[in-house]
Every structure is written in C-alpha cells, then in structure tokens.
Amino acid sequence: MPPHAADESARFTDLPLRPELLRVLTDLGYEEPTPIQLATIPPIIEGKDLLGQAATGTGKTAAFALPILQRLDAGRTEPEPMALVLVPTRELAMQVSQAIQKYGRELGARVVPIYGGQPIGRQLRALDEGVDVVVATPGRILDHLRRGTLSLHRLMTLVLDEADEMLDMGFAEEIDAILDATPENRQTVLFSATLPTRIDGIANRHLRNPLRIQIGASAVVPGEAPLVRQVAYVVARPYKPAALGRVLDVHAPTAALVFCRTREEVDELTETLNARGYRAEALHGGMGQEQRDRVMGRLRSGTADLLVATDVAARGLDVEHLSHVVNYNVPAAPEAYVHRIGRVGRAGREGVAITLAEPREHRMLTSIERTTGQRIAVEKVPTVADLQARRLELTRAALQE
Ligand code: AMP
C-alpha cells in the first residue's frame with residue numbers, strides 16, 4: 001500500500017463485492033473505483049433503479065457490470081438471461097460483452113453479445129446453450145423476441161447503456177417494445193452521457209423512483225483550476241504509444257509525470273517508452289517507500305525524465321520541477337484531471353498538460369472544459385516533418401546558449 005496515501009482514496013474492498021470480483025479487479029490492475037463506480041455500485045447491488053449521467057471513459061461499464069455479476073448465483077443453470085444490456089452499436093455490444101466476460105471470468109459468467117450483421121444461427125446456438133447476461137443492440141434483440149428464440153421472463157436487471165445515443169439512432173420504439181417484454185419487477189439502470197428531456201421520457205415510462213447520479217457536475221470552482229497550458233490529441237488506441245513518442249519529442253519535457261489507468265498499463269507503457277529510447281520509470285501503488293524514494297531520486301537527478309504512474313501511486317508525490325503532466329487516457333472524472341494538472345505550473349513556472357484522447361472520449365474533454373472553465377486546445381499529432389523542424393529549433397537554441 002502507498003505509505004502516505006493521505007487517504008482520501010476509496011477502495012474496491014469498501015464496496016460490497018465478492019472475492020471473485022475483487023481478485024479480478026486486482027489482477028486487472030485497477031487500484032481504486034472511479035467516482036461513477038463508487039456512487040452507483042452499492043445502489044445497483046441493492047436493486048434500485050438508477051439514472052446515471054456518465055460518458056465513455058468514466059468506468060461506467062464496470063459500474064453496472066460488477067453489480068450484475070455480484071448477484072449472479074454460483075453455478076446458475078437457467079438458460080434464460082438474468083441481465084440484459086442494451087447498447088447502440090455492434091462495436092459497443094462486443095466491447096461491453098468482453099468487459100463483462102473479463103470481470104466475470106472467475107464466476108464462469110455466460111455472456112453473449114447479440115447484434116445485427118452477425119449470422120443468426122450462431123446467436124441461436126449461444127442462446128440455446130444458456131446465458132446469464134446478454135449484451136445486445138435493440139433491433140436484433142427484438143427480432144429474437146418476436147421469433148420466440150429468446151425469453152426475458154427471468155430478467156432481473158436491464159441496463160440501457162448510452163441511452164442518448166440509442167435515441168439518436170432512432171431506437172426509441174424498439175426500447176419501449178423490449179422493456180414491455182420484461183418482468184414488471186425488474187430493475188432498470190440507465191446510463192447516458194447527456195440527459196436531454198427525451199431521456200426523462202424513457203425514465204418516466206420505465207424506471208421506478210430512480211436514483212439520479214451525476215458525475216462531474218460537482219464543480220471545481222472556475223478560476224480555482226490551475227493555469228496551465230492544456231493540449232489534447234485525439235488518437236485511436238493502437239497508435240497511442242507512437243503518438244505519445246512524437247508528442248514528447250515536440251514538447252521536450254524536462255520532467256514529466258505520465259498518468260495511466262492501471263498498473264498493467266504503467267508497466268507496459270514504461271517498457272515501450274524505454275524501448276524507444278526514453279528514460280522512463282514506473283511508479284506503483286504497491287511499491288514500498290524505499291523503492292519510491294529511489295525512483296524519485298532518479299527523476300530529481302535527471303537520470304530519468306519520465307515518471308509513469310497511476311493516480312493512486314502518484315498521490316502524495318512531491319515533485320517540484322515537473323514541466324509536463326501527460327494523461328495517457330482521459331481521466332475518469334474532471335476532478336481527477338484538475339488534480340493531476342495541478343502538479344505543474346507551480347511557483348510561477350510554465351506548465352503544460354497533455355491529454356491523449358481516443359475518438360470516443362472526445363465528449364469527456366468537453367465535460368472537463370465545462371468543469372474547469374478553461375479551454376483544452378485539440379491539436380494534430382505532430383508529423384515527422386514537424387519533429388524535424390522542432391529538432392532543428394532545439395539544436396539552434398542549444399547552440400545559441
Ligand atoms: P468505460 O468508461 O466503461 O468505457 O471504461 C473506460 C476504461 O477504464 C476501460 O478501459 C476500463 O477497463 C477502465 N477502467 C474502468 N474502471 C477502472 C478503474 N477503477 N481503474 C482503472 N481503470 C478502470
């Protein structure tokens with residue numbers, strides 16, 4: 001454990017989660033629950049209906065997946081699903097189903113994605129074998145209901161994920177029809193990045209006395225966020241390591257703290273960066289004080305110029321001369337962002353905060369801007385030509401000095 005976790009941090013073990021889930025979360029390197037997970041996991045486990053505002057990147061998938069898995073009976077054999085997750089697109093159906101599978105691997109959860117464009121025969125076989133959780137796009141699931149190839153009469157929980165997107169895609173009637181085919185006493189959980197009045201329409205029709213949870217709206221008072229130059233680059237996941245390299249070359253930080261989501265990501269990224277010739281050190285929540293001191297010493301002496309860490313590991317860290325903070329992912333909540341970038345630009349020095357966002361996470365940048373009242377400039381990932389020009393510039397400056 002971090003010796004000086006000051007401890008404002010909440011832990012997964014504080015949540016009512018079974019050991020099989022806690023073990024998986026540890027294996028995945030998740031160090032602490034995100035705000036949306038903290039707020040929604042207990043009430044969902046209690047069976048409450050819930051309306052949550054959360055965008056991609058906040059950890060919302062685990063926020064509904066863990067409570068579903070928490071209540072999965074060990075050795076359940078009923079063929080009909082106990083939970084159904086509706087999502088707007090096939091990509092999301094695959095992604096969410098993989099995530100639930102991953103979280104539920106020690107429980108042997110039977111998770112099946114159902115979406116249009118996939119041969120129906122395969123889906124029929126999967127459903128025939130029995131299933132605990134179905135993750136589906138509305139159109140295709142309705143087909144199955146109409147053909148009688150899927151029954152929802154054992155459904156305990158229904159999740160509407162990215163509800164605003166589903167409405168934008170014209171799925172309103174399908175959603176109503178699907179909900180009408182489920183038991184009255186089921187639990188309904190709705191997540192949406194935005195809450196237009198149309199969402200209230202669905203909520204009024206299908207949710208019972210829902211708990212409303214909004215993350216990120218609690219604000220940092222504008223003006224209290226530090227004044228730091230803030231830049232973001234939108235990059236698809238496979239290109240992130242390469243993009244980070246170029247961005248680092250252009251910005252040429254004297255000392256940078258690079259934030260990752262999980263311990264695994266910290267290790268992988270540190271390795272990648274070192275292989276590419278950067279001098280990076282990993283910092284873990286699990287490290288002892290002595291190890292931490294050694295790593296910090298290398299950063300202070302300039303033997304390393306990049307420190308790669310999770311939020312938990314970086315807590316209580318005192319680095320005076322950081323020039324850059326890099327978010328390798330958009331943080332799960334605007335507060336975390338503000339907290340991270342508060343580490344640069346101290347004592348009148350210029351600080352720069354760099355964020356790599358995947359295309360799907362664009363919306364989170366806007367939500368951060370709203371919270372901080374400050375703009376994040378979205379820039380193009382530097383090209384090789386940009387890099388050459390920048391190197392020349394740096395050499396010239398060095399020569400002049
Ligand atoms: P989501 O908002 O559900 O799309 O999740 C965004 C990403 O955050 C996914 O890659 C998850 O694996 C990851 N994630 C979710 N919860 C946590 C957590 N508590 N700690 C670290 N990473 C997480």
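For ligands, and for the atoms within them, numbers begin at 1 and follow the listed sequence. Along the sequence shown, the residues carry numbers beginning at 1.
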Give yes or no for whether the N/O distance cutoff of 3.5 Å, strictly under, is met between Gly59 and ligand 1.
yes

Distance, nearest 0.5 Å, that separates CG of Asn327 from CE of Met364:
10.5 Å

Would you call Glu162 and Arg360 a salt bridge, taking side-chain N to carboxylate O under 4.0 Å as the test?
yes

Using a strict 4.0 Å cut-off to heavy atoms of Thr61, name the atoms of ligand 1 that fall inside it.
1 (P), 3 (O), 4 (O)

Which ligand 1 atoms, with their elements, are less than 4.0 angstrom from a heavy-atom of Gly57?
1 (P), 2 (O), 4 (O), 6 (C)

Ligand 1 and Gln37, any nitrogen or oxygen pair closer than 3.5 angstrom?
yes

Do the side chains of Asp311 and Glu32 get nearer than 4.5 Å, heavy atoms only?
yes

Evaluate Ala62 for polar contact with ligand 1, using N/O atom pairs at a separation under 3.5 Å.
no

Which heavy atom of Leu66 sits nearest to which heavy atom of Leu21, and what is that distance?
O-CD1, 3.7 Å

Is it the case that Tyr233 and Tyr239 place a side-chain donor and acceptor less than 3.5 Å from each other?
no

Looking at every non-hydrogen atom in both residues, tell me the closest pair between Asp132 and Arg76 and how far apart they are.
OD1-NH1, 3.0 Å

Just jot down the ligand 1 atoms closer than 4.0 angstrom to any heavy atom of Glu32, in number order.
18 (C), 19 (N), 20 (N)

Distance under 4.0 Å to a non-hydrogen atom of Thr58: what atoms of ligand 1 satisfy this?
2 (O)

Checking Lys240 against Tyr328: charged group under 6.0 Å from the ring centre and within 45 degrees of the axis?
yes

Write out the residue and atom name of the closest protein heavy atom to atom 21 (C) of ligand 1, then the distance separating them to 0.1 Å.
Arg261 O, 3.4 Å

For Phe12, the ligand 1 atoms with a heavy-atom partner under 4.0 Å come out as 19 (N)

Atom 12 (O) of ligand 1 - nearest protein heavy atom and its distance
Tyr30 OH, 2.5 Å

